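Treat the numbers as computed from the prediction; the structure is a model and nothing was measured. Throughout, protein chains are lettered first and strands after them, A, B, ... in sequence-line order, and every chain is numbered starting at 1.
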Amino acid sequence: MSGAAIPSSLKLASFNINGIKARLPRLLEWLEETRPSVACLQEIKTQDEGFPAAEFEKIGYHAIWHGQKGFNGVAILADGEKPVEVQRGLAGEPEDEHSRYLEADVFGLRVVCIYLPNGNPQPGPKFDYKLRWMERLRARMAEIWAQEVPAAVLGDYNVIPRDNDIWDTRAMASDALMQPASRDAYARLLGAGWTDAIGLHHPQGGAWTFWDYQAGAWQRDHGFRIDHALLSPELADRLVASGVDKAHRGREKASDHAPVWVSLRA
DNA sequence: ATGCCGCGCTCCGCGCGA
């Protein structure tokens, strides 16, 4: 720990940035405008040595990251305190070299950043990998649960949990993101007590976090909700607000995802 | 039924994403 004081309230955010090099100006702008205490990033798409840590230091954020050449890659940034890494990658498949999981302690919380496999096309080996990865994640979340630490698992889950989390279920009916097996595995992640914070605050749906670059999806508001913040019971009790920074999806050179966030009482 | 758009990489089109 750096010795920085724990803030009186905590804002935890997640943002699939689709390339940290291409997105750096937009990402710095979002951090300065919304100032999350913790920001989980996915799809940084860079090797470790290319991670622009100095750019974040300049605006007061300390980071840890798990990169990979060309694809995937996750990072955890914190405002004024360096996250203390607990684990990178999930147990259970030693040959799996995808950089999709990073876990740290920061501000007295356990924070997990995930980039869950897409799984398309389904059926097929990529879908099988997705489901295996979800089971590996479930096993790790059970371990964290057993440690009884206040914990949040944020990221791109690549699962559309409910029919009202997409503009048109027919458009994606055969997609890996909303197959019954994907939804069942997501329900098992929630298990007996993790809270989908953004889903809780949007029971009628409509809280899209992704709009495809193609076919005018943004202009038509053809989106869906796949970026989630799961909270352990102690953090769910401290939940005061959540949201999607939708406007950032409409800017120049935007990611195809919008940032999501939860606000917690200290 | 496919591509649309955008990323990284080295390929000057392709794999990948959702």
Side-chain angles (χ1 to χ4, degrees), chain A residues 14-28 30 40-52 65-75 96-101 113-131 133-134 137 154-183 185-186 198 205-228 244 246 248-260:
Chain A
S14 176
F15 192 1
N16 179 320
I17 55 173
N18 187 18
I20 202 163
K21 295 168 190 166
R23 208 69 58 217
L24 191 57
R26 284 286 90 94
L27 177 56
L28 293 169
W30 169 72
C40 295
L41 307 180
Q42 303 86 36
E43 285 205 87
I44 63 175
K45 295 188 175 179
T46 177
Q47 297 176 95
D48 282 341
E49 51 270 35
F51 187 84
W65 57 94
H66 187 197
Q68 180 180 341
K69 187 175 182 178
F71 307 103
N72 306 322
V74 287
D96 181 6
E97 295 186 345
H98 287 199
S99 297
R100 298 180 175 276
Y101 183 95
C113 176
I114 69 159
Y115 175 45
L116 204 149
N118 172 302
N120 281 304
Q122 75 80 30
K126 291 188 175 181
F127 190 62
D128 296 340
Y129 171 63
K130 177 189 189 117
L131 296 179
W133 202 94
M134 293 183 80
L137 175 62
L154 294 93
D156 177 357
Y157 281 73
N158 270 316
V159 175
I160 300 165
R162 312 170 300 205
D163 282 352
N164 64 14
D165 290 319
I166 181 167
W167 93 97
D168 181 353
T169 56
R170 293 167 298 178
M172 297 276 284
S174 62
D175 195 281
L177 276 57
M178 55 178 289
Q179 291 311 295
S182 304
R183 288 179 166 177
Y186 182 75
I198 296 163
W208 317 147
T209 69
F210 172 90
W211 296 256
D212 202 296
Y213 288 123
Q214 303 180 63
W218 169 250
Q219 290 75 11
R220 298 162 188 253
D221 201 26
H222 288 179
F224 41 84
R225 186 173 75 93
I226 52 175
D227 299 274
H228 307 311
V244 181
K246 183 174 178 179
H248 288 257
R249 175 60 182 85
R251 295 190 180 182
E252 286 290 313
K253 294 280 288 178
S255 172
D256 42 5
H257 293 249
V260 302

In whole Å, what is the span from the CD atom of A:Gln214 to the C1' atom of B:dC16? 12 Å
Under 4.0 Å between any heavy atoms, over every strand shown, what does A:Lys130 touch: base, sugar-phosphate, or nothing? Just pick one. nothing
Heavy atoms of other groups near A:Gln219 CD, more than 12 under 6.0 Å: yes
With a 4.0 Å cut-off on heavy atoms, is A:Ala215 in touch with a base, just the backbone sugar-phosphate, or nothing at all? base
Taking the same atom, P, in B:dT10 and in B:dG6, what whole-Å distance lies between them? 22 Å
Considering all heavy atoms of both residues, which atom of A:Gly205 and which atom of A:Asp165 are nearest to each other, and what is their separation? CA-OD1, 4.2 Å
Which nucleotide in B:dC4, B:dA18, B:dG17 has an atom nearest any side-chain atom of A:Arg100: B:dG17
With both distances kept under 3.5 Å, what pairs with B:dC12, Watson-Crick or G-U wobble? none
Looking across every strand, which nucleic acid part, if any, lies under 4.0 Å from A:Tyr115 by heavy atom: base, sugar-phosphate, or nothing? sugar-phosphate
Please give, in whole Å, the distance from B:dC5 P to A:Arg249 CZ? 13 Å
P spacing across the pair B:dG13 / B:dT2, given as an integer number of angstrom: 23 Å
A:Asn16 side chain near B:dA18 phosphate (N/O to OP1/OP2, under 4.0 Å): yes
Please check the phosphate of B:dA18 (OP1 and OP2 only) for any side-chain N or O of A:Asn118 closer than 4.0 Å. yes
Given B:dA18, B:dC16, B:dC5, identify the nucleotide with an atom nearest to the side chain of A:Leu177. B:dA18
Which of B:dG6, B:dT10, B:dG17 is nearest the side chain of A:Arg23? It is B:dG6
Ignoring hydrogens and angles, answer whether the base of B:dA18 and the side-chain atoms of A:Asn158 contain a donor-acceptor pair closer than 3.5 Å. no
Please report, rounded to the nearest Å, how far the P atom of B:dG17 is from the CE atom of A:Met172. 14 Å
About how many Å separate CG of A:Asp168 and CZ of A:Arg220, when rounded to the nearest 0.5 Å? 12.0 Å
In this structure, how many angstroms lie between the P atom of B:dC4 and the CG atom of A:Asp212, rounded? 12 Å
Whole-Å distance, A:Leu24 CG to B:dG8 C1', equals 16 Å
In whole Å, what is the span from the NE2 atom of A:His98 to the C1' atom of B:dC16? 11 Å
Stepwise ring pair (Phe, Tyr, Trp, His ring centres under 6.0 Å) check, A:Tyr129 with A:His98: CA-CA 11 Å; A:Tyr129 171 63; A:His98 287 199; 5.2 Å; yes
Side chain of A:Phe224 - closest among B:dC7, B:dG17, B:dA18: B:dA18
Nearest-angstrom distance, C1' atom, B:dA1 to B:dC12: 28 Å
Checking B:dT10, B:dC16, B:dA18 against the side chain of A:Ile226 (C-beta onward), the nearest is B:dA18
Determine the Euclidean distance between corresponding P atoms of B:dG3 and B:dC14; express it in Å to zero decimal places. 11 Å
Does A:Lys45 put a side-chain nitrogen or oxygen below 4.0 Å from OP1 or OP2 of B:dC16? no
Short side-chain N/O contact to B:dG3 OP1/OP2 from A:Tyr213, under 4.0 Å: no
With heavy atoms under 4.0 Å as the rule, sort A:Asn72 into base, sugar-phosphate or nothing. nothing
Which nucleotide in the set B:dC16, B:dG8, B:dT10 lies at the smallest distance from any side-chain heavy atom of A:Phe71? B:dC16
A:Lys253 NZ to B:dC7 C1', straight-line distance once rounded to whole Å: 9 Å
Determine the contact category for A:Asp175: base if any of its heavy atoms lies under 4.0 Å from a base atom, sugar-phosphate if only primed atoms, P, OP1 or OP2 are that close, otherwise nothing. nothing
Interatomic distance, A:Gln219 CD vs B:dC5 C1' [rounded to whole Å]: 11 Å
In this structure, which one of A:Gln42, A:Lys45, A:His257 forms a side chain to side chain donor-acceptor pair (under 3.5 Å) with A:Asn18? A:Lys45
Supply the atom-to-atom distance A:Trp211 CH2 to A:His222 NE2, rounded to the nearest 0.5 angstrom. 12.5 Å
Correct closest heavy-atom pair for A:Ser182 and A:Lys130 would be OG-CE, 3.8 Å
Tell me which of A:Asn120 and A:Ile20 sits closer to the 5' end of DNA chain B, going by the nucleotide each one is nearest to. A:Ile20
Could you measure between the two P atoms, the one in B:dA18 and the one in B:dC7, and give it in whole Å? 14 Å
